[in-house]
Every structure is written in C-alpha cells, then in structure tokens.
Amino acid sequence: DAGITQSPRHKVTETGTPVTLRCHQTENHRYMYWYRQDPGHGLRLIHYSYGVKDTDKGEVSDGYSVSRSKTEDFLLTLESATSSQTSVYFCAISDPNSGVHEQYFGPGTRLTVT
Amino acid sequence: DQQVKQNSPSLSVQEGRISILNCDYTNSMFDYFLWYKKYPAEGPTFLISISSIKDKNEDGRFTVFLNKSAKHLSLHIVPSQPGDSAVYFCAAGSGNTGKLIFGQGTTLQVKP
C-alpha cells in the first residue's frame, strides 16, 4: 500500500468555523489531490498540486483552499465551514511522469458540519 | 455535465457468476481509463486500467473492455466472489495532468 495518511480521520465542527485537513505521503510523488465523496456524485476533485507551492483548482473548489509547502504534505482548508461541506474527503497521490496514471488514495476523513 | 457516467447504482450477482459493471463517457479526448474498488470506511483502491489504444486488458479475474466508438467501457469479474462486494468507480483521464474524472459508482453485491 502507498504510504498515505490523513488526519484527522473524523471531525465534527460547527458552521462558520475554520477546518484544516492534512494529507501526508511517504512516496515522494509530485502530484497530490483532494477529493470529496458524496452519494450520487462519486468522487469530485476539489484542488490538486503539481509540486511544492504549485496548486490549481478542481471542479468543486469554492469554499476550499489548499497549501503545499513540502512534497510530503498537502493541506485542505475550509475557511468557514458550511453544512454543504459535510462529506468524506480523500487525498490521493500519483506520479504521471512515470507513465503510470493510477492515483493512490488515503483512508479518508469524515467531516460533519453541524 | 457529467463526463463519466455509471448509470446503474447497484448490481446483485450470485457467487461464481459473472459481474459486468458499465461506464459511459462523453469526452473523446480521454486517453486512459481506470477502475477503482472501494470498501466502506476505506479509500478507493486501484483495480485495473486501459489505454485508449487498446480494447481489452485482463488481470486475473478482472477484464476491462473499451468500445471507443460507443464511448463505453465495462469491467467483467469472473468468477464473482463475496469479497468482491464493494462500490466500483470508473475514472477517465487525458495527458499528463494526472487529473481523473470519476463516475458516480456502482455498488456490487455478490451473494454466497
């Protein structure tokens, strides 16, 4: 299994509070991604990163920001959490330059915004 | 618009029989496709992939078929086992962006 951890694994927070989710990898892969999984929608890309300090928006980026100051860490921040951001969040890594396109996923963080 | 669609939310199959999961896409620029399997409370795990230049790829009990003219791919699991019960996602990508577009998922139940 790829070395990907996510923290916290579960979090309950109140509407309007800031939340930061952390993804940590030990595979030295350049590319990292944040997804959310919701019933009926599958996995939707929030933000991704091509390298340190190099990030871009995905299809559902509103209300989220990311930072990547080190190769191994990719942080997802909800500046002011809303109930619509209640979801399961997955981090993934890949190394497309190796010719391999598969992404490897972390175990997920279940976030509940009350 | 959903570029990758899995129109069957669920599928139930008897152990030992074939499971066929389907996926349709709209973007002809996709040049690789992947299938992922997901158990509850775990992250998705990669199963099998196929390049757009091929029409079939096989790995053990899993075979993926690609029909580019119909913009359709399918995953065949033969024989199905109870441990295959999970949610299956198809995904598509292009170039070296690494970005994948996922379908909504199909829940497979394999009955003993």
Side-chain angles (χ1 to χ4, degrees), chain A residues 1-7 9-10 21 23-25 27 29-51 54-61 74 87-110, chain B residues 1-10 21-25 27 29-54 57 59 62 64 66 73 86-107:
Chain A
D1 288 347
I4 311 170
T5 56
Q6 292 184 231
S7 58
R9 293 294 313 279
H10 302 272
L21 308 183
C23 177
H24 178 77
Q25 59 141 331
E27 305 298 318
H29 282 4
R30 273 187 59 200
Y31 290 38
M32 297 185 75
Y33 313 82
W34 276 107
Y35 290 89
R36 59 179 289 174
Q37 185 199 0
D38 304 289
H41 291 280
L43 293 155
R44 292 182 292 173
L45 182 65
I46 304 171
H47 281 280
Y48 57 104
S49 170
Y50 293 138
D54 191 359
T55 65
D56 207 346
K57 295 179 179 179
E59 61 180 308
V60 290
S61 59
F74 193 29
S87 187
V88 181
Y89 291 85
F90 290 101
C91 172
I93 64 174
S94 74
D95 186 18
N97 291 334
S98 68
V100 167
H101 297 289
E102 42 267 40
Q103 295 180 12
Y104 300 96
F105 284 81
T109 294
R110 181 173 293 277
Chain B
D1 275 351
Q2 188 99 25
Q3 296 187 62
V4 178
K5 291 184 181 180
Q6 294 175 256
N7 292 314
S8 298
S10 63
L21 297 104
N22 295 303
C23 181
D24 297 298
Y25 62 96
N27 188 346
M29 300 302 292
F30 288 138
D31 51 21
Y32 49 88
F33 304 88
L34 305 91
W35 283 94
Y36 282 82
K37 174 180 179 178
K38 185 184 178 306
Y39 292 120
E42 294 184 10
T45 56
F46 169 72
L47 262 182
I48 191 169
S49 64
I50 187 167
S51 164
S52 62
I53 63 173
K54 296 187 175 182
N57 188 28
D59 184 1
F62 302 92
V64 56
L66 176 62
L73 66 155
V87 178
Y88 289 79
F89 293 99
C90 65
S94 60
N96 275 335
T97 66
K99 289 168 61 177
L100 296 176
I101 307 295
F102 283 81
Q104 308 96 310
T106 297
T107 300

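Just so it is clear: chains get the letters A, B, ... in the order the sequence lines come, proteins before strands, and each one is counted from 1.
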Tell me whether the rings of B:Tyr36 and B:Phe102 are parallel (<30°), tilted (30 to 60°) or perpendicular (>60°).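 Judged by the thresholds at 30° and 60°, the geometry between B:Tyr36 and B:Phe102 is tilted.
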Please flag which part of B:Leu100 lies under 4.5 Å from any non-hydrogen atom of chain A: side chain, backbone, both or neither.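 Both backbone and side chain.
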For B:Ala91, is it the side chain, the backbone, both, or neither that has a heavy atom closer than 4.5 Å to a heavy atom of chain A?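 Neither part; nothing is under 4.5 Å.
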A:His101 pairs by ring-ring contact (aromatic ring centres under 6.0 Å, His included) with which of B:Phe33, B:Phe30, B:Phe46, B:Tyr32?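 Considering B:Phe33, B:Phe30, B:Phe46, B:Tyr32, a ring-ring contact (aromatic ring centres under 6.0 Å, His included) with A:His101 is found only for B:Tyr32.
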Under a 4.5 Å heavy-atom cut-off, does chain B meet the side chain of [X], its backbone, both or neither?
| X | answer |
| --- | --- |
| A:Gln6 | neither |
| A:Leu45 | side chain |
| A:Arg44 | neither |

Using 0.5 Å steps for rounding, measure from the [atom1] atom of [X] to the [atom2] atom of [Y].
| X | Y | atom1 | atom2 | answer |
| --- | --- | --- | --- | --- |
| B:Cys23 | B:Leu66 | SG | CG | 10.0 Å |
| A:His24 | A:Ser7 | NE2 | OG | 9.5 Å |
| B:Tyr25 | B:Leu73 | OH | CG | 7.5 Å |

Which of the residues B:Ala41, B:Gly105, B:Pro44 is involved in the greatest number of heavy-atom pairs with chain A at under 4.5 angstrom?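 Maximum pair count with chain A is reached by B:Pro44.
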Looking only at the aromatic ring of each residue, does the gap between the centers of A:Phe105 and A:Tyr33 stay below 6.0 angstrom?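 Centroid distance A:Tyr33-A:Phe105: not below 6.0 Å, so no.
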For the interface with chain B, which of A:Ala92, A:Gly42, A:Gly108 has the highest count of heavy-atom pairs at distances below 4.5 Å?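 So the answer, after comparing A:Ala92, A:Gly42, A:Gly108, is A:Gly42.
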